[in-house]
2 protein chains.
Amino acid sequence: MHSKEIFNIVKARRESLNVTQETLAQLSGVALRTLKQFESGKGNPTLQTLQKLGDALGLEVTVIIKNRGINS
Amino acid sequence: MHSKEIFNIVKARRESLNVTQETLAQLSGVALRTLKQFESGKGNPTLQTLQKLGDALGLEVTVIIKNRGINS
DNA sequence: TAAAAAAGTGCTTTTTAACGCACTTTATAA
DNA sequence: TTATAAAGTGCGTTAAAAAGCACTTTTTTA
C-alpha cells in the first residue's frame with residue numbers, strides 16, 4: 001500500500017460516513033489544511049497524524065508481513 | 001495498533017532476519033540514528049520512513065476498517 | 001574475561017510536516 | 001441559474017521529524 005492508496009482509503013471512508021473534511025478535521029484534531037493536502041494526493045503524514053484520522057474514521061493503521069502463505 | 005506496537009514489529013522482524021540496525025539503515029535508506037530512535041520506543045515516523053523500513057523488511061503498512069464482521 | 005560488535009543516548013543542525021490565512025475552484029441545493 | 005457549501009491551492013510560519021556526530025552502555029563471541 002503506497003501513500004496514495006492510503007489517502008484514497010481515508011477519503012473513501014470519510015465519504016461513506018457522509019462527513020465533510022471540516023468535520024473530520026474537528027473530530028480528529030488534524031488541521032483542515034493538512035487533511036485537504038492528503039485527500040488531494042499530496043504530503044507525507046506522520047504516523048500520529050494518520051492514526052488521528054484513523055481513530056475518527058474507524059480505521060486502523062497496521063503493519064503486516066508480506067507474502068503470507070508463501071513463507072511462514 | 002499504536003506506534004509502539006508498530007516499532008516492536010519492525011524490531012522483531014529485523015531480528016528474525018538477523019540483520020543489524022546498521023545494515024537495515026543502509027538497506028532502507030533511513031538514517032541509523034532515526035532507526036535507533038524507533039526501536040527504543042521513541043519518535044513519530046512519517047509514512048514514508050515507515051514504508052522505507054517496511055520495504056527493506058518485507059513488511060507492509062496498511063489501513064484497514066475496524067470491526068470487520070460486525071459491520072459490513 | 002577482554003575485545004569487538006551492536007545497540008542506545010545527548011546535543012545540534014537541517015529539512016519538512018503541520019498549521020493558519022486568504023483565496024480560487026468545484027459541487028450541491030434553493 | 002445563483003447562492004451556499006465543500007473542496008482544493010499558494011504562501012509564510014512554527015514545530016518537530018530526520019539526520020549527523022560523538023559518546024556510553026549493553027550484548028556477543030573469540
Side-chain angles (χ1 to χ4, degrees), chain A residues 1-68 71-72, chain B residues 1-68 71-72:
Chain A
M1 241 183 206
H2 32 283
S3 56
K4 291 197 182 175
E5 266 180 278
I6 292 176
F7 293 155
N8 285 341
I9 289 173
V10 169
K11 179 169 188 171
R13 176 67 169 174
R14 178 182 62 77
E15 285 172 344
S16 84
L17 297 173
N18 275 287
V19 169
T20 65
Q21 289 180 340
E22 191 160 15
T23 301
L24 176 54
Q26 288 167 200
L27 291 177
S28 64
V30 172
L32 179 58
R33 186 66 183 79
T34 303
L35 176 56
K36 283 173 183 296
Q37 198 181 4
F38 300 148
E39 289 204 4
S40 53
K42 297 162 204 159
N44 176 23
T46 62
L47 178 57
Q48 207 177 75
T49 297
L50 214 47
Q51 284 171 333
K52 281 187 193 172
L53 293 173
D55 288 349
L57 289 172
L59 299 174
E60 181 168 22
V61 181
T62 69
V63 172
I64 60 173
I65 298 178
K66 281 182 191 168
N67 306 321
R68 275 254 166 242
N71 302 320
S72 82
Chain B
M1 241 181 204
H2 32 282
S3 57
K4 290 197 181 174
E5 269 181 274
I6 291 176
F7 294 154
N8 285 341
I9 289 173
V10 168
K11 180 171 188 169
R13 176 68 169 174
R14 177 182 63 77
E15 285 172 343
S16 85
L17 296 173
N18 276 287
V19 170
T20 65
Q21 290 179 340
E22 190 160 16
T23 301
L24 175 55
Q26 288 167 199
L27 292 178
S28 64
V30 172
L32 180 58
R33 187 65 184 76
T34 302
L35 175 56
K36 284 174 183 295
Q37 197 181 5
F38 300 147
E39 289 203 6
S40 54
K42 298 162 203 159
N44 175 24
T46 62
L47 178 56
Q48 206 177 79
T49 298
L50 213 47
Q51 284 171 334
K52 281 186 193 172
L53 294 172
D55 288 349
L57 290 171
L59 299 174
E60 180 167 23
V61 181
T62 68
V63 173
I64 60 173
I65 299 178
K66 282 181 190 166
N67 305 322
R68 274 256 168 239
N71 302 320
S72 83

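So you know, we letter chains A, B, ... as the sequences are listed, proteins then strands, and number each from 1. Just so you know, these numbers use all the heavy atoms, side chains as well, and skip hydrogens, waters and symmetry mates.
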Rounded distance (Å) that lies between atom [atom2] of [N] and atom [atom1] of [X]:
| X | N | atom1 | atom2 | value |
| --- | --- | --- | --- | --- |
| A/Glu15 | D/dA6 | CD | C1' | 11 Å |
| A/Lys11 | C/dT26 | NZ | P | 13 Å |
| A/Glu22 | C/dT26 | CD | P | 20 Å |
| B/Phe7 | C/dG8 | CZ | P | 13 Å |
| A/Leu24 | C/dA18 | CG | P | 14 Å |
| A/Gln37 | D/dG10 | CD | P | 11 Å |
| B/Leu35 | D/dG20 | CG | P | 13 Å |
| B/Phe38 | D/dA16 | CZ | P | 15 Å |

Run the side chain to side chain donor-acceptor pair (under 3.5 Å) test on B/Thr46 and A/Thr46 for me, step by step, so that the C-alpha distance in whole Å, both residues' side-chain angles and the decisive distance to 0.1 Å come before the verdict.
CA-CA 4 Å; B/Thr46 62; A/Thr46 62; over 6 Å; no
Would you call [X] and [Y] a side-chain contact if the rule is heavy atoms closer than 4.5 Å?
| X | Y | answer |
| --- | --- | --- |
| B/Leu59 | A/Lys66 | no |
| B/Phe7 | B/Pro45 | yes |
| B/Val63 | A/Glu60 | no |
| A/Leu50 | A/Phe38 | no |

Locate the shortest heavy-atom distance separating B/Glu39 from B/Gln21; write the atom from each residue and the value.
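Heavy atoms only, the tightest pair is OE1-NE2, 3.2 Å.
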Would you kindly check whether a donor in the side chain of A/Arg33 faces an acceptor in the base of D/dG8, or vice versa, at under 3.5 angstrom?
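There is none.
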Is there a donor-acceptor pair under 3.5 Å between the side chain of B/Ser28 and the backbone N or O of B/Leu24?
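Checked: pair present.
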Choosing from [options], which nucleotide comes nearest the side chain of [X]?
| X | options | answer |
| --- | --- | --- |
| A/Thr20 | D/dG8, C/dG8, D/dA6 | D/dA6 |
| B/Arg14 | C/dA7, D/dA19, C/dT9 | C/dA7 |
| A/Thr46 | C/dA7, D/dT9, C/dA18 | C/dA18 |

What's B/Thr34 touching, base or sugar-phosphate or nothing? Going by heavy atoms closer than 4.0 Å.
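Here B/Thr34 touches the bases of the nucleic acid.
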Earlier contact from the 5' end, DNA chain C, for A/Gly43 and B/Gln21
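In this pair, the answer is B/Gln21.
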Comparing A/Val30 and A/Lys36 on DNA chain C - which has the more 5′ nearest nucleotide:
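So the residue in question is A/Val30.
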Can you tell me if B/Lys42 touches the phosphate of C/dT9, counting only side-chain N or O atoms and a distance under 4.0 Å to OP1 or OP2?
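So the side-chain polar atoms of B/Lys42 do come within 4.0 Å of the phosphate oxygens OP1 or OP2 of C/dT9, strictly under.
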Does anything in residues 47-60 of chain B reach DNA chain C, meaning a heavy atom under 4.0 Å, and if so which residues?
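Hits under 4.0 Å, by residue number: none.
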